[in-house]
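Read the structure below first, then the notes.
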Amino acid sequence: MCPIFGAGSKRWQRVGLGLLLMAAGVGTGCKGREQQAVAVPAPAVPAMKPAPSTPIDTKREELGGPRWDPQWDVIVEQALPAEMLSTKVPRDVRRFCPRFYELAEVDKRAFWAYFFQALAGAEAGLKPTTRVRHTEPEVAVTDGVTGRAVRSEGLLQLTYEDQRRYDCDFDWERDKQLKPDDPGRTILQPKNNLECGVNILEKQVIEQRKPLLSQSGYWSTLRPGGASYRVFAKEMANAPAACGVRAGVRRDRVAKRVAAK
């Protein structure tokens, strides 16, 4: 009887520096001949490391409330395109990470994970089901997908129209059958929301070549001069040590930079 070679695999670690390794093969033989199993490599998973906690997350650990899930770091780090790890990133990134261009890719990924944690802290208080209806005339408009008043939703306060604009994985036809704050809604699921946020930022800073901090950017929290930006800047105070901001002066430097605006 001809031997049959089985398939094998190894699970990747949730957060770590290792790579996912997988090999699968099938061996067949006939008339006494045997064929060795052929290894089929899986797509490489980049090395990753968890980001530090933002001030709001640290405070929530003490007082209770929504916390940042380390798995969300993984979602962000896996979603990052190569351009977001390159010199194409606008130079004002050094406001929060002075050594960004010198970092290894694993540290750049950790920085962006921290960046989106800070953004989610300023936008939604780290709560995935946060929903806000704005009353300001410039934003109190009708959502072209839902046909209803625009609401900002999820960790990064996004809208269903972003599905069209930024190729986000939101499904209004499915979601409208659920309660507005149902965590099962596609727009409220952290994975979909964070991946969409990466798409939005990539379009702004890579495709459109805008600064990271821009008055015409998607998020008001990234528009210097406003109250929401000051909240975001404070959340950036614990950026990864590899960024080169000394722990003892991080808050002072951030405060001065905000004041200068």
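Given the structure is predicted, the values throughout are model-derived calculations rather than measurements.
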- Query: Restricting to pairs with a member in residues 98-134, which pass disulfide bond (SG atoms under 2.5 Å apart), not counting sequence neighbours?
  - Reply: none
- Message: Using only atom types and a distance under 3.5 Å, with no angle test, would you say the side chain of Thr130 pairs donor to acceptor with the backbone of Ala124?
- Response: yes
- Note on the structure: Sorted by chain and number, sequence neighbours left out, side-chain hydrogen bond (donor to acceptor under 3.5 Å, both in side chains) with Gln157 holds for none
- Task: Answer yes or no: is there an ion pair linking Glu102 with Arg99, defined by an N-O contact shorter than 4.0 Å?
- Result: yes
- Query: With sequence neighbours excluded, what pairs up with Arg148 under the side-chain hydrogen bond (donor to acceptor under 3.5 Å, both in side chains) test?
  - Reply: none
- Note on the structure: Closest non-hydrogen contact found for Ala51 with Gln117 is CB-NE2, 4.4 Å
- Item | Within the 6.0 Å centroid threshold, strictly below: Phe116 and Phe111 | no
- Step by step, work out the side-chain hydrogen bond (donor to acceptor under 3.5 Å, both in side chains) result for Tyr218 and Asp162. CA-CA 11 Å; Tyr218 182 96; Asp162 296 330; 2.5 Å; yes
- Query: What's the spacing between Thr87 OG1 and Tyr101 OH if we round to 0.5 Å?
  - Reply: 7.5 Å
- Query: What distance separates Arg165 CZ from Leu158 CG, expressed to the nearest 0.5 Å?
  - Reply: 11.0 Å
- Message: Looking at every heavy atom in both Asp171 and Thr186, which two are closest together, and how far apart are they?
- Response: N-OG1, 2.8 Å
- Query: For Lys176, what residues pass the side-chain hydrogen bond (donor to acceptor under 3.5 Å, both in side chains) criterion, not counting sequence neighbours?
  - Reply: Glu173
- Item | Where at least one partner belongs to residues 204-225, residue pairs that pass salt bridge (Lys or Arg N to Asp or Glu O under 4.0 Å), sequence neighbours excluded | Lys203-Glu207
- Compute the ring centroids of Phe100 and Phe115, then answer whether they are less than 6.0 Å apart. no
- Message: Are Glu202 and Tyr166 packed together at the side-chain level, in the sense that at least one heavy-atom pair is separated by less than 4.5 angstrom?
- Response: no
- Message: Do the side chains of Arg131 and Asp181 get close enough for a salt bridge, i.e. N-O under 4.0 angstrom?
- Response: no
- Message: Under the rule for side-chain hydrogen bond (donor to acceptor under 3.5 Å, both in side chains), what residues qualify as partners of Glu62, not counting sequence neighbours?
- Response: none
